[in-house]
*Asks:* 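Before we start, here is the structure in question, set down as structure tokens.
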Amino acid sequence: MGVLDGRVAVVTGAGAGLGRAEALALAAAGATVVAGDVSESVHDVADEIAAAGGSARAVVGDVADRCTADALLAAADEVGGAAVVVNNAGFCRDRMLFSMTDDEWDAVIRVHLRGHFLLSRGATAYWRDASKRAGRAVYGRLINTASEAFLFGSVGQPNYAAAKAGIVALTVAAARGCARYGVTANAICPRARTAMTAGVFGASSDGGGVDPLAPEHVARFVSFLASPAAAQINGQVFVVHGSMVALIAPPTVERRFDAAGSTWSDPELAGAVSGYFADHDPARMFAAEEIKG
């Protein structure tokens, strides 16, 4: 018996890389998988799941198109209704901010952020309606894919970093708004060796052993978040790779500045705020550089 027997899981970007590994892991846990991708290769993944004794359906389409989100959820309805949604689809268009084109910005924001929004909206509406009809909480797991790029302001990826920051905000808003219906929403920041990250991580040099950056490591954690064992985990952000899972703390106030009177004067601001930064390390910004370690 798998921990997800009887559940239906929707996975986007499932035609290759991390999405493929997630689809296979969820199927191995017993879920019926609705695998979505812009590429026809998603049919091969569905066939692979079926060949292993699982059940899967493939949906080809652009996740940033409303009709694709609707088609994914409709396919899930045909086999019992979505219980798990894994938003994974995305790509990069890297360039420095001062050189980035409108199209490079729009394309990444569209696929990552709008793509996450469309399917998340449809899934949470489905779970909310089901909860209201049943008069009780239902089973809903929303797992979104962010990136460490948003944590340290990835140079050369302002579009990607901004989209991933938006995905985290979307995830926390979903977690707050839908918990009453039995829904959990969490975000992962994965490190995985895939075609999209080939220029970053290169080829595996493990000498035939277990690749610490294999996408299967991340997929195992995604399968866990989708399971009943993760029912108390909601509104969280995790960095995941290899044998490591790091829970990221929410931002904290480093220093508070208060005016002596009812408002600030320019000299007071300069003395208080600029004075604080006088001996401040200029490289220390609103970024979690230590995450890179």
Side-chain angles (χ1 to χ4, degrees), residues 2-4 9-31 33-49 51-52 54 56 58 63 84-92 94 111-112 115-116 119 141-151 154 157 160 163-164 167-168 171 186-227 230 237-248 291-292:
V3 295
L4 292 176
V10 178
V11 183
T12 68
L18 184 55
R20 172 184 174 276
E22 290 166 339
L24 295 175
L26 292 165
V33 174
V34 176
D37 202 281
V38 72
S39 168
E40 294 286 343
S41 63
V42 73
H43 289 289
D44 296 333
V45 176
D47 291 344
E48 186 176 352
I49 290 171
V63 292
V84 177
V85 167
V86 181
N87 281 305
N88 167 76
F91 62 88
C92 293
D94 296 352
V111 170
H112 286 273
H116 271 65
L119 189 52
R141 299 286 189 271
L142 178 62
I143 303 164
N144 290 333
T145 307
S147 168
E148 293 167 271
F150 100 91
L151 288 168
S154 183
Q157 293 185 309
Y160 184 74
K164 293 307 189 181
I167 286 168
V168 169
T171 303
N186 295 287
I188 61 166
C189 301
R191 292 184 201 173
R193 198 185 312 278
T194 67
M196 194 177 88
T197 62
V200 178
F201 298 129
S204 174
S205 59
D206 55 29
V210 177
D211 182 358
L213 291 178
E216 286 73 18
H217 298 297
V218 178
R220 182 181 297 276
F221 186 68
V222 167
S223 182
F224 161 72
L225 286 178
S227 75
V237 179
F238 298 91
V239 173
V240 188
H241 61 88
S243 59
M244 192 231 42
V245 174
L247 173 63
I248 303 304
I291 293 295
K292 293 181 179 179

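Residues take their numbers from the sequence shown, with the count starting at 1.
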*Asks:* Between atom CG of N144 and atom CD1 of I167, what is the distance when rounded to the nearest 0.5 Å?
*Replies:*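 Answer rounded to 0.5 Å: 6.5 Å.
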*Asks:* Starting at OG of S41, measure out to CG of D47 and round the result to the nearest 0.5 Å.
*Replies:*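 Here the rounded value is 11.5 Å.
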*Asks:* So among V42, V63, V11, V45, which one has a side-chain contact (heavy atoms from CB on, under 4.5 Å) with D37?
*Replies:*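 Among V42, V63, V11, V45, the one that satisfies the side-chain contact (heavy atoms from CB on, under 4.5 Å) with D37 is V42.
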*Asks:* Would you compute the distance between atom CG of N186 and atom CG of L225 and round it to the nearest 0.5 angstrom?
*Replies:*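 Output value for this atom pair is 5.5 Å.
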*Asks:* Give me the atom names and distance for the closest heavy-atom approach of A21 to A219.
*Replies:*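 So the two residues come closest at O-CB, 3.4 Å.
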*Asks:* Within the structure provided, determine whether S243 and H217 are in side-chain contact (heavy-atom separation under 4.5 Å).
*Replies:*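 SC-SC contact between S243 and H217 ruled out.
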*Asks:* What is the minimum heavy-atom distance between A25 and S223, and which atoms define it?
*Replies:*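 Taking A25 first and S223 second, the nearest heavy atoms are O-OG, 3.9 Å.
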*Asks:* Might you point out which heavy atoms bring V168 and A146 nearest each other, and give the distance in Å?
*Replies:*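 Answer, listing the atom of V168 first, then A146: CG2-CB, 3.6 Å.
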*Asks:* If you round to the nearest 0.5 Å, how far is CD of E22 from CZ of F221?
*Replies:*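 Spacing of CZ (F221) from CD (E22) equals 11.5 Å.
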*Asks:* Assign the ring pair H112 / F91 to parallel, tilted or perpendicular, where the plane angle (0 to 90°) is split at 30° and 60°.
*Replies:*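 Plane angle between 30° and 60°, so tilted.
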*Asks:* What distance separates S147 OG from Y160 OH, expressed to the nearest 0.5 Å?
*Replies:*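 Spacing of OG (S147) from OH (Y160) equals 3.5 Å.
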*Asks:* With rounding to the nearest 0.5 Å, note down the distance linking NE2 in H241 to CD in E148.
*Replies:*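 Those atoms lie 6.5 Å apart.
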*Asks:* Distance only, no hydrogens: is a donor on one side chain within 3.5 Å (strictly under) of an acceptor on the other, for N88 and T12?
*Replies:*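 Looking only at side-chain atoms, T12 and N88 do not form any donor-acceptor pair under 3.5 Å.
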*Asks:* Please report the closest heavy-atom contact between S227 and L4, naming both atoms and the distance.
*Replies:*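 Shortest heavy-atom separation between S227 and L4 comes out as CA-CD2, 3.9 Å.
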*Asks:* Of all the heavy-atom pairs spanning A27 and I49, show the shortest one and how long it is.
*Replies:*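 Closest heavy-atom pair between A27 and I49: CB-CG2, 3.6 Å.
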*Asks:* On a heavy-atom basis, which atom in P215 and which in L18 lie closest, and how many Å separate them?
*Replies:*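 Distance-wise, the nearest heavy atoms are O-CD1, 3.8 Å.
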